[in-house]
Amino acid sequence: ENSLLRQVSSLLRRLPVIESEKFQDDFLMEYNDTVLITYLAMITNC
Amino acid sequence: MDIEQKQADLIDYFVKQAHNHKEESLPNVIVEATSNSSLFAFSEILAVPNITQLRGTKYSVFVDVLQLFAHGTWSDYKKNVERLPPMVPDQIRKLKQLSVLTFAETNKVLPYDKLMQELDVSNVRELEDFLINECMYSGIVRGKLDQLRRCFEVQFAAGRDLRPEQLENMIRTLESWSTSSDNLLVSIQDKIKWADTKSEMNKKHQKDVEDRMEAAKKSS
Amino acid sequence: SSSSSPSVDSDALYFYDETTQTRYQKEKPWAKDPHYFKRVRISALALLKMVVHARSGGTIEIMGLMQGKIDGDAIIVMDAFALPVEGTETRVNAQADAYEYMVDYSTTNKQAGRLENVVGWYHSHPGYGCWLSGIDVSTQMLNQQYQEPFLAVVIDPTRTVSAGKVDIGAFRTFPEGYKAPDEHVSEYQTIPLNKIEDFGVHCKQYYPLDITYFKSSLDCRLLDLLWNKYWVNTLSSSPLVGNRDYVAGQISDLAEKLEQAENQIHSRGGGGSFLLPGKKKEEESQLKKITRDSSKITVEQVHGLMSQVIKDTLFNSVRQ
């Protein structure tokens with residue numbers, strides 16, 4: 001079914017959705033911040 | 001999906017037209033289909049037996065035109081301009097729109113310079129007008145025009161007709177996506193089990209400590 | 001009947017019986033028992049409207065009224081409407097600005113065939129939890145004096161986003177001078193340091209009601225359709241990104257509370273053996289609250305990060 005194939009093709013071409021250095025930097029910074037908060041919470045618990 | 005819904009009726013109409021017309025009037029059907037402002041898919045029309053039978057006849061160039069609109073770009077037309085029949089302005093605009101879709105297949109960021117070169121546009125203003133009026137407003141692409149970096153960031157592009165060799169790549173990509181999704185689900189399940197186990201261990205440990213505290217209080 | 005489906009029961013709730021309501025107004029069972037109302041049932045529509053209104057206010061407190069009816073010991077909230085006032089925490093009786101609007105709205109409602117009366121008011125506490133401040137308590141006491149039956153609802157739109165579920169509380173105040181026999185056990189919530197005094201002074205002057213929700217069969221269908229339309233927005237949003245200011249405020253508040261607890265310990269000479277048993281317990285429970293708050297902040301952040309990591313794995317790890 002050509003219509004479905006075109007839609008699938010369009011969908012697959014969107015992947016990966018975000019691929020940029022800036023996003024990676026922001027994402028990893030968010031990751032680090034959350035891990036830091038977890039670490040601080042563990043210390044507070046102790 | 002919106003594009004497919006919009007052009008489904010048009011595809012049906014032109015397929016019926018191709019079925020019902022004789023060999024002599026099929027070129028007109030092809031020109032009408034390739035000039036239509038809302039039609040961007042031509043595989044169904046190409047597959048009609050009346051159209052495929054045009055190959056080898058004096059009208060076979062029109063099949064080539066239809067093939068060009070299904071898979072080709074404006075550059076491909078320029079390379080074969082002597083062989084192919086002249087195009088009306090609507091066809092030229094349509095082919096340029098389809099070319100943008102082809103470029104968006106391989107790159108998400110399309111530099112203005114490349115687009116101007118490929119689409120034979122002389123200045124940025126004309127290019128932006130074309131991208132906004134002909135591509136974005138017709139719904140075949142969605143994206144952002146970055147004038148500072150002189151590029152067009154494509155967020156969505158409608159799918160063009162597929163060539164047979166593209167199918168295998170698509171299947172492999174889908175399989176890869178399915179595998180990574182399955183792996184993700186398995187790892188989520190594992191993490192849930194781990195969290196439950198840890199929670200149970202924690203509760204048990206807490207209870208042990210409280211029991212020992214009670215025992216120590218009683219003995220002292 | 002016991003065999004009826006939940007949606008049929010919910011649909012029956014929407015029927016307004018004038019006779020029953022008039023009987024309640026005549027008998028006034030709430031006048032004899034300050035704890036008479038124990039439950040609140042809020043319709044999906046009213047909840048949605050209140051939360052959307054609260055969220056639209058951002059960091060500014062908003063206010064509105066609720067319409068509904070009585071059913072035994074439950075107040076049923078059928079609908080809600082916004083009032084054109086804001087900053088309800090900064091002045092006594094902010095409602096006064098909207099009296100004319102309230103009267104016009106109620107009159108027009110009755111003309112349009114909406115028979116329910118106003119049964120309460122709601123307002124928002126952006127970022128500082130669901131409880132009644134001194135001003136809220138005096139407003140509600142006034143309402144309960146002249147407009148019974150009346151309910152106070154508080155919504156925290158910021159914590160709603162952060163926690164992923166609606167942060168809402170329903171309260172009724174006790175009459176002036178009344179002392180509640182048992183201290184009610186309410187769910188623990190973090191109170192910022194700058195509000196803790198206001199919270200503590202008045203917390204015994206009101207009690208919370210249990211909140212449940214209901215929706216009609218039509219609401220079910222409409223909400224399903226809305227979900228289909230808005231799931232993309234839901235999937236793309238992230239509480240990590242959207243609630244940064246709130247989280248920063250929470251961590252800052254936590255730091256201040258830790259410092260306060262530490263100062264209290266130091267001011268007593270530091271030695272645990274010199275502390276009176278009662279005081280030691282008080283500080284232990286303060287530290288316990290701090291650790292609970294820190295765990296709560298962390299859990300919310302980890303939830304936010306988990307969703308980001310999952311989305312990244314799902315949508316960014318595949319290439320053509």
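Chain letters run A, B, ... following the sequence lines, proteins first and then strands; every chain starts at 1.
Phe103(B) CZ to Ser75(B) OG: the interatomic distance, rounded to the nearest 0.5 Å, is 5.5 Å.
Residue-environment remark: CZ (Arg55(B)) exceeds the threshold of 12 foreign heavy atoms within 6.0 Å. In this structure, Glu21(A) places its CD atom where only 12 or fewer heavy-atom neighbours from other residues, nucleotides or ligands lie under 6.0 Å away. Summarising the local packing, CZ of Phe23(A) is surrounded by more than 12 heavy atoms from other residues, nucleotides or ligands at distances under 6.0 Å.
Heavy atoms of Leu11(A) lying under 4.5 Å from chain B belong exclusively to its side chain. At a 4.5 Å heavy-atom cutoff, the contact between Leu5(A) and chain B is made by backbone and side-chain atoms alike. No part of Leu101(B) comes within reach of chain A, as not one of its non-hydrogen atoms sits under 4.5 angstrom from that chain.
Chain A forms more heavy-atom pairs under 4.5 Å with one residue of Gln155(B), Met170(B), Glu105(B), Gln7(B) than with any other, namely Glu105(B). Of the listed residues (Ala104(B), Ala8(B), Ala41(B)), the greatest number of heavy-atom pairs within a distance under 4.5 Å of chain A belongs to Ala41(B).
Tyr59(B) approaches Pro27(B) most closely through the heavy-atom pair CD2-CG, 3.5 Å.
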